Participant: 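Pasting a structure here, questions to come.
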Amino acid sequence: MLDIRLIRENPDLVRDALKKRQADTEIVDKILTLDENRREILGEVEKLKAERNAVSKEIGRMKDAESRQEKIAAMRTVGDQIKSLDDDLRDVDAELTSTMATLPNIPSDATPYGVDESENVVIKTVGKIPEFDFNPQAHWDLGPALDIIDFERGVKMTGSRFYVLSGAGARLQRALIAYMLDLHIKQGYTEKYTPFMVKKETVYGAGQLPKFADNLYKDHEEDLYMVPTAEVPLTGYHAGEILEDADLPKAYTAYTPCFRREKMSAGRDVRGIKRGHQFDKVEMYMFVKPEDSDAAFEKMMADAEETVALLGLPYRILQLCTGDLGFGATMTYDIEVWAAGCNEWLEVSSVSNVTDFQARRANIRYKPEGSKKNKFVHTLNGSGMGLPRVLIAVMENYQQEDGSIIIPEVLRPWMGGVKVIK
RNA sequence: GGAGGGAUGGCCGAGUGGACGAAGGCGCCUGUCUUGAAAACAGGUUAGGUGCAAGCCUACGAGGGUUCGAAUCCCUCUCCCUCCGCCA
């Protein structure tokens, strides 16, 4: 959610932001009209309410029955007017809010302009793309051969794009989760275990609703949503709260499964375990003072990078351009790892500075030291990281000619002595 | 799933139709006193909207209703607690 004042006072800034995102700008005019309309009605109804309040107090003190009745009758009319204006106000308010809710955040000046993902900027590439003296296999061949990924049974039980990890495969994923959480704790994050199902308001607060309604799984009986990312419960964690200046920044990490309905046709992009409807992810999340969010962004980015670097995987960092930026983000870096069998870069992490966009929706503020006025915090989120794709990269990059997979050194503490999956 | 009880400011808690944004206490802040602190005393201490401002409006779990007027009466919902049932 953007600040209505910003839109009111600086509509061109907002229009410009929408253009950079390749989005239509007429929504701005709609908002301006609704806002003007709202304030006009508000002024009117508040004047009437002030009158009613004053006269009602008078009535309470009046002794003379006749003039008292007169006042009561007069106020009955005013009451009707108020009711009708209040109805109008509610309608305009609701429309204004729902329209505002569809407006994306304003890209940072540091975000490069671009039309779509083809214009994202590669910031750096680290590590060498491994070379094999044999033909490296993709995980969808390696996995079933080692009996660590079972596609058929996943499909049998649930449907396409579901799978079962088995034996050392399941354990390897669990090792990755434990490795990531323990590393993030060392980096200064506090671990949270959150609900995996949340209320509509919680999803809305994180900015996933209304825009991504079609991509969410929902329990209609209880009106609960399955989380599409831990970002949702971690944003909701402090929703409606006023945080203490001294308690900031707050840095959290959480492991959750993520559930996404997104319907995509079968093909290269969804092959194997690249893009299931259910996947695991470890997330980093921060609540910071506005003046600290740039530095927090750099830290989170460094933390994400360390996570992939310690695994010994070749990776590259991309800065998203304005046309590819997520709905709530002002600036985003993606980390992609090289997958030797798929022969492509896979996105495993996305780190974003959301500024006050989620905080405004979820109403998360803090009391600045020595100031009376509460301010919205800035929030940042970053994956650290998406499990299936890291699993793919480990499997494919650490494979050997006989189809076995060497376990990276950093994961061995959680592998119970297993050094090679064969 | 059934029965009952409850929800008021940072916390405790009073308030059953009229000067109540809300008594009292605790906590916190400021001042007086003090070398300093404590104590005592005095004052202050919710958030949002709107307006150039003075101010005005809104909010006592949420939403609706009754009324000239609602923390207070009525309806619906949500959450919490106790007991029964069921259950990892």
Side-chain angles (χ1 to χ4, degrees), chain A residues 1-10 31-101 193-205 209 218-225 233 236-248 250 257 356 358-377:
Chain A
M1 189 80 77
L2 295 180
D3 187 349
I4 183 66
R5 284 193 197 93
L6 176 77
I7 304 172
R8 199 186 286 157
E9 287 158 22
N10 230 329
I31 289 171
L32 289 174
T33 307
L34 286 167
D35 177 51
E36 213 169 295
N37 208 222
R38 184 187 89 93
R39 283 185 295 158
E40 195 180 312
I41 298 171
L42 188 66
E44 243 176 288
V45 76
E46 286 191 350
K47 221 170 72 193
L48 289 174
K49 282 183 179 175
E51 185 191 348
R52 181 179 69 180
N53 287 345
V55 175
S56 287
K57 281 176 187 175
E58 232 179 274
I59 290 172
R61 279 183 264 119
M62 283 172 80
K63 295 280 179 284
D64 181 66
E66 197 177 315
S67 50
R68 188 183 154 102
Q69 277 314 312
E70 252 169 59
K71 291 277 191 196
I72 289 177
M75 282 308 104
R76 201 169 287 152
T77 316
V78 171
D80 290 343
Q81 283 175 285
I82 289 173
K83 195 169 293 179
S84 132
L85 283 172
D86 261 343
D87 286 344
D88 294 347
L89 186 63
R90 194 175 315 130
D91 291 346
V92 173
D93 235 348
E95 200 184 346
L96 178 60
T97 306
S98 64
T99 308
M100 296 260 297
Y193 169 85
T194 70
F196 299 160
M197 303 169 80
V198 293
K199 296 179 199 174
K200 177 185 258 157
E201 300 82 82
T202 307
V203 191
Y204 176 88
L209 277 177
K218 185 185 177 189
D219 169 22
H220 289 273
E221 299 269 296
E222 306 288 346
D223 213 18
L224 292 175
Y225 292 81
Y237 185 82
H238 284 301
E241 296 182 13
I242 298 170
L243 305 173
E244 291 299 326
D245 186 299
D247 291 342
L248 294 175
K250 285 177 179 288
D356 61 0
Q358 286 175 330
R360 187 168 270 117
R361 285 182 163 235
N363 197 23
I364 307 166
R365 292 164 294 169
Y366 77 107
K367 209 175 266 300
E369 191 77 51
S371 158
K372 227 176 106 65
K373 192 88 180 146
N374 294 324
K375 284 174 77 173
F376 289 108
V377 299

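Quick note: numbers below take in every heavy atom, side chains included, and nothing from hydrogens, waters or symmetry partners. Note that the structure is predicted; figures quoted are calculated from it, not measured. First the proteins, then the strands, lettered A, B, ... as listed; each starts at 1.
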Participant: Measuring only between side-chain heavy atoms, which start at C-beta, is A:Asp3 closer than 4.5 Å to A:Phe376?
Facilitator: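 A side-chain contact is absent here, since even the closest heavy-atom pair is not under 4.5 Å.
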
Participant: Once you round it to whole Å, what is the distance between P of B:G69 and CG of A:Leu48?
Facilitator: 13 Å

Participant: Just the rounded figure in Å: distance from P of B:C52 to CD of A:Glu9.
Facilitator: 11 Å

Participant: What nucleotide among B:U66, B:G18, B:G51 has an atom nearest to a side-chain atom of A:Lys83?
Facilitator: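 Side chain of A:Lys83 sits closest to B:U66.
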
Participant: B:U50 P sits how many Å from A:Glu36 CD, rounded?
Facilitator: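 Atom CD in A:Glu36 sits about 14 Å away from atom P in B:U50.
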
Participant: Scan A:Leu42 against the nucleic acid and name what it touches under 4.0 Å (heavy atoms): base, sugar-phosphate only, or nothing.
Facilitator: sugar-phosphate

Participant: For B:G21 versus B:G27, give the span between their P atoms, rounded off to a whole number of Å.
Facilitator: 28 Å

Participant: Taking atom P of B:G55 as reference, at what distance in whole Å does atom CG of A:Asn53 sit?
Facilitator: 17 Å

Participant: Please check if the number of heavy atoms outside A:Lys250 that lie under 6.0 Å from its NZ is greater than 12.
Facilitator: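 Atom NZ in A:Lys250 is crowded, with more than 12 foreign heavy atoms closer than 6.0 Å.
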
Participant: Using the P atom as the reference point in each nucleotide, state the distance between B:G15 and B:G65 in Å, no decimals.
Facilitator: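 Taking atom P in both B:G15 and B:G65, they lie 29 Å apart.
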
Participant: Could you measure between the two C1' atoms, the one in B:A59 and the one in B:A7, and give it in whole Å?
Facilitator: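 Looking at atom C1' only, B:A59 and B:A7 are 16 Å apart.
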
Participant: Considering only atom C1', compute the distance from B:C28 to B:G85 and round it to an integer number of Å.
Facilitator: 48 Å

Participant: Please state whether the base of B:G48 and the side chain of A:Arg360 form at least one donor-acceptor pair under 3.5 Å?
Facilitator: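 Counting by modelled atom types and ignoring angles, no donor-acceptor contact under 3.5 Å is found here.
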
Participant: Using a 4.0 Å heavy-atom cut-off, does A:Arg68 contact any base of the nucleic acid, only the sugar-phosphate backbone, or nothing at all?
Facilitator: base

Participant: Taking only N and O in the side chain of A:Arg76, is any of them less than 4.0 Å away from OP1 or OP2 of B:G69?
Facilitator: no

Participant: Which nucleotide, if any, forms a Watson-Crick or G-U wobble pair with B:U82, using both distances under 3.5 Å?
Facilitator: B:A3

Participant: Quick one: look up who B:U45 pairs with, Watson-Crick or G-U, both distances under 3.5 Å, and put none if it's unpaired.
Facilitator: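 Pairing partner: B:G27.
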
Participant: Shortest non-hydrogen contact from A:Pro368 to A:Asn374?
Facilitator: CD-CA, 4.2 Å

Participant: Pick base, sugar-phosphate or nothing for A:Arg8, based on heavy-atom distances below 4.0 Å to the nucleic acid.
Facilitator: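 Sugar-phosphate contact only.
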
Participant: Compare side-chain N and O positions of A:Arg38 against OP1 and OP2 of B:U50 and report whether any pair is under 4.0 Å apart.
Facilitator: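 So the side-chain polar atoms of A:Arg38 do come within 4.0 Å of the phosphate oxygens OP1 or OP2 of B:U50, strictly under.
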
Participant: Given that both distances must come in under 3.5 Å, which nucleotide forms a Watson-Crick or G-U wobble pair with B:U76?
Facilitator: B:A62

Participant: When both hydrogen-bonding distances must be under 3.5 Å and the geometry is Watson-Crick or G-U wobble, what is B:G55 paired with, if anything?
Facilitator: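 B:U50 is the nucleotide pairing with B:G55.
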
Participant: Can you tell me if CD on A:Glu36 sees more than 12 non-hydrogen neighbours from other groups inside 6.0 Å?
Facilitator: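 Counting neighbours around CD of A:Glu36, 12 or fewer heavy atoms of other residues, nucleotides or ligands fall under 6.0 Å, so no.
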
Participant: B:G48 C1' sits how many Å from A:Asp3 CG, rounded?
Facilitator: 13 Å

Participant: In whole Å, measure the gap between the C1' atoms of B:G10 and B:U45 for me.
Facilitator: 10 Å

Participant: What do the steps show when you test A:Lys49 against A:Asp86 for salt bridge (charged side-chain N to carboxylate O under 4.0 Å, His left out), and what is the final call?
Facilitator: CA-CA 10 Å; A:Lys49 282 183 179 175; A:Asp86 261 343; 3.3 Å; yes

Participant: For A:Glu40, I'd like to know if atom CD has over 12 heavy atoms of other residues, nucleotides or ligands within 6.0 Å.
Facilitator: no

Participant: Taking atom P in both B:C74 and B:U67, compute the distance separating them and give it to the nearest angstrom.
Facilitator: 16 Å

Participant: OP1 or OP2 of B:G64 less than 4.0 angstrom from a side-chain nitrogen or oxygen of A:Arg90, does that happen here?
Facilitator: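 Checking B:G64 against A:Arg90, a side-chain N or O does come within under 4.0 Å of OP1 or OP2.
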
Participant: Take atom CZ of A:Phe376 and atom P of B:G48, then tell me their distance rounded to the nearest Å.
Facilitator: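 The distance from CZ of A:Phe376 to P of B:G48 comes to 8 Å, rounded to the nearest Å.
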
Participant: Hey, which of these two, A:Lys71 or A:Ile242, hits RNA chain B nearer its 5' end, going by closest nucleotide?
Facilitator: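 The answer here is A:Ile242.
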
Participant: Between A:Asn374 (CG) and B:G10 (C1'), how many Å, whole number?
Facilitator: 13 Å

Participant: Report the base-pairing partner of B:C20 (Watson-Crick or G-U wobble, both distances below 3.5 angstrom), or none.
Facilitator: none

Participant: Nearest to the side chain of A:Ala50 - B:A47, B:G18, B:C57?
Facilitator: B:C57

Participant: Check whether more than 12 heavy atoms from other residues, nucleotides or ligands sit under 6.0 Å from atom NZ of A:Lys218, and answer yes or no.
Facilitator: yes

Participant: Provide, to the nearest angstrom, the distance between the CG atom belonging to A:Asn363 and the C1' atom belonging to B:A47.
Facilitator: 10 Å

Participant: Side chain of A:Lys49 only, heavy atoms from C-beta on: which candidate in B:G18, B:U58, B:A47 is closest?
Facilitator: B:U58

Participant: Using the closest heavy atom to pick a nucleotide of RNA chain B for each, name whichever of A:Ile72 or A:Asp87 lands nearer the 5' end.
Facilitator: A:Asp87

Participant: Of the candidate nucleotides B:G48, B:U50, B:C68, which contains the atom at the shortest distance from the side chain of A:Arg365?
Facilitator: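 Among B:G48, B:U50, B:C68, the one nearest the side chain of A:Arg365 is B:G48.
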
Participant: Using atom P in both nucleotides, what's the gap between B:A39 and B:C29 to the nearest angstrom?
Facilitator: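 To the nearest whole Å, 12 Å.
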
Participant: Where the side chain of A:Arg39 is concerned, which of B:G51, B:G48, B:G49 is the nearest nucleotide?
Facilitator: B:G51

Participant: Between B:C60 and B:U8, how far apart are the C1' atoms? Round to whole Å, please.
Facilitator: 4 Å

Participant: Who does B:U34 pair with, Watson-Crick or G-U, both distances under 3.5 Å?
Facilitator: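 Base-paired to nothing in any strand shown.
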
Participant: Under a 4.0 Å threshold between the charged nitrogen and the carboxylate oxygen, would A:Asp80 count as salt-bridged to A:Lys83?
Facilitator: no

